[in-house]
Every structure is written in structure tokens, then in C-alpha cells.
**Q** 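The structure follows.
Values below: all heavy atoms of this structure, side chains included; hydrogens, waters and symmetry mates excluded. Within every chain, numbering begins at 1; the chains are lettered A, B, ... in the order of the sequence lines, protein sequences first and strands thereafter.
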Amino acid sequence: MASIFVVSAERFIPLFPRLACQGVLLGCHPCFRLNMFSKGTKRKFSDGDEEISDESLVGARVASSYSLQRQSLLDMSLIKLQLCHMLVEPNLCRSVLIANTVRQIQEEMTHDGSWHMVAEAFCSAGQSPSERLVATEVLCRSREQDAEPKLFSVISYEGCREEEVVADETLCSVSVSDTVSNVCLAGRIGQCWEKSELSGVERDEEALEDSRLGSGEDEEIDTKDRASTESPKTIGQVFGTFEIKNGSPGPDSALEELFSDVDTSYYDLDTMLTGMQSAPKMGPYDILDSLAPSHSSPSIVSTPNCRSDLNELDHIMEIIVGS
Amino acid sequence: MGEDSESPKINHSFLRDYVTEADVISTVEFNQTGDLLATGDKGGRVVIFQRETESKGESEELGESGEYNVYSTFQSHEPDFDYLKSLEIEEKINKIRWLPQQNAAHFLLSTNDKTIKLWKVSERDKRPEGYNLKDEEGRIKDISTVTSLRVPVLKPTDLMVEVRPRRIFANGHTYHVNSISVNSDGETYLSADDLRINMWHLDITDRSFNIVDIKPANMEDLTEVITAAEFHPHHCQLFVYSSSKGTLRLCDMRESALCDKHSKIFEEPEDPGNRSFFSEIISSVSDVKFSHSGRYLLTRDYLTVKVWDLNMEKGPVETYQVHEYLRSKLCSLYENDCIFDKFECVWNSTDSVIMTGAYNSFFRMFDRETGRGVTLEAWRENSKPRAVLRTRRVYTGGRRRRGDVGVDSLDFTKKILHMAWHPAENIIAIATCNRVMQ
């Protein structure tokens, strides 16, 4: 119950000398970043399967574990930002802090050369990290192959907006089937990420296979013209690194797209952060509805290279997205 | 448990049997003499408690003081709706500040997210009786029945406390007001929201003066917000504001009209050993308070309280760990949003002890002279008046004592966010609130 508790504090002060030095706080063991995540998050570690034959793999595992954790933190942050649209104006301080965390992660991923990890992912197809990270139930993931595609969900926000054609059938078919089996209410949001993963995978595969930079043959969602701002933003760097096809979107376009409403006339962070929307408030489940493909098929058709492999997959994707 | 006697002094008989979310207390404040204690809650109500003066000699010997009983209750703010943005405006009282008393009436400022109100609290214990033309109930008398004239006299009646809104300072803020602070000049006060700080004159409601504006031209560039602000207790031109990046800025209004450029900035360099993705979030300052002397600043961030000397900008002079055992839990605290909790901190009357809240109904006190800290629990269940508050310990390793609480069994819904310390005596007011389903 809510209550006011008024006490006389006089007696507290003489107590101080009688306290043992240990008092309240014992030394905190140095927490490097892995430990930071090692408690409290819902995760499954399945160490049993993998045999570590190569010592270098251990290092790679540690690194990939860290990147998994970082990825899950990023996903969690983005979800938090998305769910900000409530009846009451969202807490600006909280939104700014979360947004800064997102920027920090993406900056680090750029500098870390996540690109390198991505390349690795495709080169060593058989590698499946034993450590798995399921950050929150919302994401509803339980597949091991998520490790690599997860890295893409960061950068391919556009995928959330439209139905995406998928490139790698092997990768995606597994994902798709698992998604279907893991459907739950909250998991619908996870499907949004699902699509973005797949689209990201597709893009990257294209870049790898075709060795083309910004081929420009597909026009992704970039239905709006973004004037790039001069100050180099980390999001822009990430985009530049992965050479996303849709030219050079504005440095913050990914972040903005995520933040902005379905109503494509609102793009800036201001809109999100101040909760100013002309559209009626969206609940968390409305987000998914808004993600249903609202764009015409030309954007989907725009990846001719992959089309031939994807008819079946495309069909499944349509079912999931629920068009 | 009997050697010391602490006591919860509130008479709660007025509370209803059921408690709702609207009853959650959101702010606590003593007035300048400590005789009155105001609390604001989520439902927009303000409850004022008054200290009963005990004239009995024996209570003085024990060193105890009078109880606080309900003095007045009034609805300060109502839920509102911003039609332009299609957003609700909460009626939750964010802050209450008393004005220095100038006459028999008391004045306080209360604010929700958008609107600040000045309330006059006055007592009435007399009323005129013996009117010639009206009878006791106020009905007009028949002239023919009046046979003689008399002078109305004031007769004592039961004490009535009247609370009236005297000023309403509206439409000054686009963002959520987080702090108000009355100036030592007695005429002005400041109100701070996430991006701006305004200065108002207590008598003027249709204008306010913007003294700090950190809103970037492009909102996408926004990375820092204002979290708290306060005027200096003695120098009417100085005020301080804290940010979500852990910086404090001292501003002098004599330097320029718009104090975007600070006079001093207090910032502690980041400890590279403790760096993580949460470093910035936990460095965000949730509360800032000047010491009574005006020489020091007290700040609270997520894991520590720090004392700063106004003369030294490069770092705090004292740092106290509030709950360092949570450092390894930051990820899950981020997940459940607890990492964004805003704890308040307070000085005692002599600036020798500082206090702040924590989780599990614990709160912490630090003696600045010895540097020692103690954990205490605020609980009302079965607490007799003048019962001792238990010293608690959170078990983080080593030998476990009976009564120690493990870190994993801390209840993060029981958080002590709001508190106040009597300006002269060692009496503290702590708001405890559990989440209760209606």
C-alpha cells in the first residue's frame, strides 16, 4: 500500500561506528562485458553438441557469444523503442537513453567489423555456434541458425515494411518453418524481425555473390527521399559497410524508419520521441498489421536474381505476413 | 530490538481499506519549518500532514517528537488531454515545493507533467456571528422581526483548512516537467522539463522566461535530456541542472539571459574498467540537490550517490555505492525497465548525512564524516509506533549471516524513490509503495 513513513533518524547515526566494515557492500568482482550479460537474461546455453576441435574456435565462440549478446541487447532496445507508442506521451529520457544504446551498439558493430563476421558466416556454412542466445520471449527464437542472420536484422529495417524476397533457401526454409511453429502472440513481432533478417540475408548474399556494390537494381522501400546529413552517423556507416542496394540512405534513415509510424509522412525522430502522431495510437500488435505489405509488388519483383529459387518460399512468407 | 526507538509517526486511520494505483505516492516534501509534510500521488491528490506539537515533558526527554496527522487533502491536478497531439496528460504530481512562509497562510507549488499550480493553504478557526440582517443559517431575516441592532462578533469554530488555487502556470512546457525549484529571492521559481528550463514570477502566469534550451535544431540529433534542476539556496542567480549523460551544469543568470552556456560543468571521467553498453544509462543523474550550506551538490545516478564541491569540477569529492551488487544484473534490469528508475536523494539538516532509496523497500544512509553506509528497511507491517528500523544487509559473498537478503531475492517492485528529510531535526519521510491491483 502507499504510505508515508516518518521516522526519527537520530539513532541511525551512532550506529555507524558499530557497523562492520563489510557493511553493505562487498567487493564487486570486475565485470567485463560478457559477465554483464551472464546473469538475468533468459537464455539457453547448449554446450553439449559442439566438439571443440580447434582452439581458435574457442576464441571465436567467445567472440560470437559476445556478439550474440550484443545483438540481443540491440533487438531488445529496438523493441522497447517500438513499443513506446502508448496513450500517454512516452518518457523522453528513457527513449533517448535507449536510442543512444542502439547507436552505441551499431557503432561498435561497425568498428568490430561485423562485416567480417558476416562473411565468415557464409564461408563456413557448417558452423553453428553452440551458444545460443534467446534474449526475450518476444523474439521467440529457438533456432541455432539465427546466430548469423541476427546480425542482419539490425541493418535491414526496411524489411519490416514490406514483404521481402528471400535469397538463401536453405537458411530461410529452416527459419520459416521454425517461425511457424513458434507462433505466439508476442512472437508476431518476432516475425517482423524474421522478415528483416531474411531480407538482410538476401542482400548480403547478393553483395557476396555478385560482388556488386549498390547495384541499384532493386529499389527497396526507400519511398521517401532522405537528405543525408553531413555528420557521419553510425547507422550510415553500417549501411556503407554492407553496401546495401538502396543506394546511400540517409545516415539515420534506418533508425528513423524504425521510429516512424506506418504513416510514411512522419519520419523524423522528433515524431517518435514526442509521440506526435496524426494516426491513432498503435498498440504493439498494430505494429505487425502495419508491417503487412502495403507496397505494390514492383518492390518485391525487384530482385530478379533470386526469383527463380523462391516461389515456394515466397508463398510461405505471404502466409506468415498474413496478407 | 529495544534499545533504540525509531518510530513511524503517521496516523493512517484516514486511509481507505482498499488501495489503488492512484494512491502511489510520487513526491514528498517538508516545508521550511518541518511542521508540514506534503505528499503528492499518482491520482493528482495532495495530502498535507501537520506535526502535532506535544507539550508533555516526557516526550522531550526521549528525544521523540510529535506525530504527523492529516491536515488537508485536495485534488491538485486532474487528468487532461492534449488534443493537438492526441495524448493524455497524466495527473500524477511530479513535484511539490513549499514557498517560504510570509504570513499565516502556507503556499506550495505542485506540478504534473505540464502545469504548475500555486496553492494557498489557510486556516480558519473563527467565524462572524450575530448578523443583523441574516439569521444563523444565512437566510435573510424579516425586517419586522429585528428589534435591536448589534455588532457581529467573531466566535471560534472548529478548525477548517481551506486550500485554494491562487495561480495556474500553464502552457509553459512542451515536454514533461521533472523539477520545480523556488528561488531564494522569494519571487521567482524555475520549472524544468526534458529539454528546457523556464523561470517564472510567482505573480505572473501568462509569461515565463526561458533560461535553458537544449533542444537541438534537428530532433534526430537529440542525445541528452535534462533530468533535474535546482536553484542555489542562497545565491538567487545560480542554479544547477543535471543531464542524462551524468553531467551537472551550474549556470549564472547574470552572465546572459539564455543560460545555454554553463558557467561550470561537473563531470566525472568514465571509468574504462567498468565500461559497458549500460554505462551511459547508469550514469544518468536522477536527482540533484544543493546542500543546505550551498557549498556542495548531491547527485544520484543508478548505482551511486555522489557529493560534489562547487569549487571542483573535475569529479565528485565523495562517492557512495548504493547497490553495487546490481552491476552484474544491469541487463535484466534493462529488460524490465528498472534501470530507468529515478531515485531521489536528500541531505540531512546539517549536511553530514545523505540518504537515498533502493529496491526491496531498502533505503541507504551514508555518514559523510566516517564514509560508512547503512541499509535500512522501510516496512509498516506489524510495526509498532516507535519500533526500531532493522538494519539489513544484502548478501554478496563471503560469510552469510542470518537475515541477509540474496541479490536474486530482492523485490524490484518495492522501490523507494521519494523521500524527504526534516529541515531541522532527524525526522525522515519515506514513501513506500507496492504495486497493488485494484
**Q** For B/L222 versus A/N100, what's the shortest heavy-atom pair and its separation?
**A** O-OD1, 4.4 Å

**Q** Please round to the nearest 0.5 Å and tell me the distance separating atom SG of A/C93 and atom NE2 of B/H176.
**A** 12.0 Å

**Q** Please find the pair of heavy atoms, one from A/L97 and one from B/S244, that lie closest to each other, and give the distance.
**A** CD2-O, 3.8 Å

**Q** Provide the closest heavy-atom pair for A/Q104 versus B/F277 in the form atom of the first, atom of the second, distance.
**A** OE1-O, 3.6 Å

**Q** Test of understanding: with salt bridge (charged side-chain N to carboxylate O under 4.0 Å, His left out), list the residues that count as partners of B/K245, not counting sequence neighbours.
**A** none

**Q** Which one, B/D404, B/D337, B/D41, B/I281, leads in non-hydrogen pairs under 4.5 Å with chain A?
**A** B/D337

**Q** Please flag which part of B/K114 lies under 4.5 Å from any non-hydrogen atom of chain A: side chain, backbone, both or neither.
**A** side chain

**Q** Testing the 3.5 Å rule here: is there a donor-acceptor pair between the side chains of B/Y334 and A/T101?
**A** no

**Q** Say you draw a straight line from OH of B/Y175 to CG of A/N91; how long is it, rounded to the nearest 0.5 Å?
**A** 13.5 Å

**Q** What distance do A/M76 atom CE and B/E335 atom CD have between them, rounded to the nearest 0.5 Å?
**A** 4.5 Å

**Q** On a heavy-atom basis, which atom in A/V96 and which in B/E224 lie closest, and how many Å separate them?
**A** CG1-N, 3.9 Å

**Q** OG1/B/T174 to CG/A/L92 distance, rounded to the nearest 0.5 angstrom?
**A** 11.0 Å

**Q** Given that the side chain runs from C-beta out, which part of B/I89 has a heavy atom under 4.5 Å from chain A: side chain, backbone, both or neither?
**A** neither

